[in-house]
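Shown next, in structure tokens, is the structure this report addresses.
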Amino acid sequence: MKSVIVYFTHSGNTELAAKKLAEVTGSPVFRILPVEPYTSDDVDWVNEKSRCTQEHLNQNLRPAIQPMDVDFSQYDTVFIGFPIWWHEEPAVIRTFLDNTDLKGKELYPFCTSYESPMSEADSTLQRGYPTLKWHTGLRLPASNDRIKEWIGK
């Protein structure tokens with residue numbers, strides 16, 4: 001399995017999770033960067049006018065992301081990491097998925113969250129991108145053994 005890890009982080013938690021996953025898999029790691037970085041006000045989910053709330057309410061919004069220097073044709077497995085916002089993946093992940101050819105790849109989503117499970121994001125990803133080959137996601141942090149078990153399924 002030749003794999004790569006891509007992730008989006010706001011607070012740094014998902015970056016830590018991506019690095020942990022890289023320790024277990026030996027995969028290179030690349031960060032998804034929005035052209036307009038998210039501020040603390042942007043991710044204030046209790047504010048109905050905040051950027052993350054507006055992106056949740058309007059599922060067609062796609063924040064621009066910076067180009068990534070990754071040749072995905074070189075990989076057969078892609079780990080995609082993100083924080084859970086509104087029980088789902090952030091819109092920046094949908095931008096990445098819309099603009100990256102991942103057909104035929106094994107996709108393993110992973111998330112970070114203090115409370116929300118991965119299950120709702122699994123559903124929104126599968127529903128939004130039904131032609132892609134999704135595996136059940138994992139919420140991190142998790143033990144190395146749990147990560148190996150997840151990948152081995």
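When reading the values below, keep in mind they use all heavy atoms of this one structure, side chains included, and skip hydrogens, waters and symmetry mates. All residue numbers in this chain count up from 1 along the given sequence.
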Given the side-chain rings of Phe72 and Phe96, with only the six-membered ring counted for Trp, is the space between their centroids under 6.0 Å?
yes
Taking Leu132's backbone N and O only, do any of them form a donor-acceptor pair with Lys103's side chain (distance below 3.5 Å, no angle check)?
no
Below 4.5 Å, heavy atoms only, C-beta onward: do Arg146 and Leu138 meet side chain to side chain?
yes
Return a table of donor-acceptor pairs under 3.5 angstrom between the side chains of residues 109-117 and protein atoms on other chains or two or more places apart.
| from | atom 1 | to | atom 2 | distance (Å) |
| --- | --- | --- | --- | --- |
| Thr112 | OG1 | Thr14 | OG1 | 2.6 |
| Ser113 | OG | Glu115 | N | 3.2 |
| Ser113 | OG | Ser116 | N | 2.8 |
| Ser113 | OG | Ser116 | O | 3.4 |
| Tyr114 | OH | Asn13 | ND2 | 3.3 |
| Ser116 | OG | His87 | ND1 | 3.4 |

Note: Lys2 and Gln74 closest approach over all heavy atoms is CD-O, 3.3 Å
Using a strict cut-off of less than 4.0 Å between a Lys/Arg side-chain nitrogen and an Asp/Glu carboxylate oxygen, indicate whether Asp98 and Arg62 qualify as a salt bridge.
yes
Does any non-hydrogen side-chain atom of Leu97 lie less than 4.5 Å from one of Leu125?
yes
Could you see if Ile80 belongs to whatever hydrophobic cluster contains Ile84? Use Ile, Leu, Val, Met, Phe, Trp, Tyr and a side-chain cutoff under 4.5 Å.
yes
Positive for side-chain contact (heavy atoms from CB on, under 4.5 Å) with Ile65, one of Thr100, Thr95, Leu33, Ile93:
Thr95
Identify whether the distance between the nearest side-chain nitrogen and carboxylate oxygen of Lys20 and Glu23 falls below 4.0 Å.
no
Contact check, side chains of Val78 and Glu106, non-hydrogen atoms, under 4.5 Å
no
Heavy-atom side-chain proximity of Thr53 to Trp86 below 4.5 angstrom:
yes
Looking only at heavy atoms, which two atoms of Pro63 and Arg51 are closest? And how far apart?
CB-NH2, 3.9 Å
Can you tell me how far the CH2 atom of Trp134 sits from the CG atom of Leu107, to the nearest 0.5 Å?
5.0 Å
Does Tyr108 reach the main-chain N or O of Ile151 with its side chain, forming a donor-acceptor pair under 3.5 Å?
yes
Atom CZ of Arg94 and atom CD of Glu89: how far apart are they, to the nearest 0.5 Å?
5.0 Å
When rounded to the nearest 0.5 angstrom, what is the spacing between SG in Cys52 and CG in Asn47?
8.5 Å
Rounded to the nearest 0.5 Å, how far does CD of Glu36 lie from CD of Gln66?
11.5 Å
Would you give the length of the straight line joining atom OG1 of Thr77 to atom NZ of Lys105, rounded to the nearest 0.5 angstrom?
9.0 Å
Between Val24 and Lys148, what is the shortest heavy-atom contact and its length?
CG1-CG, 3.8 Å
Counting distance only, does the side-chain N/O of Trp150 pair as donor-acceptor with the main-chain N or O of Thr136 below 3.5 Å?
yes
Short side-chain to backbone donor-acceptor contact, Thr25 and Ser27, under 3.5 Å
yes
Taking atom types as modelled, is there a side-chain donor on Ser119 or Asp122 under 3.5 Å from an acceptor on the other?
no
What residue pairs, at least two apart or across chains, pass ring pair (Phe, Tyr, Trp, His ring centres under 6.0 Å) with a residue in residues 14-39?
Phe8-Tyr38, Tyr38-Trp85
Side-chain heavy-atom pair Leu21, Tyr7 within 4.5 angstrom cut-off:
no
Gap separating the CG atom of Asp42 from the CD atom of Gln54, nearest 0.5 angstrom
11.0 Å
Contacts of Glu48 that satisfy salt bridge (charged side-chain N to carboxylate O under 4.0 Å, His left out) - sequence neighbours left out:
none
Are Ser73 and Asp71 close enough that a side-chain donor and a side-chain acceptor fall under 3.5 Å?
yes
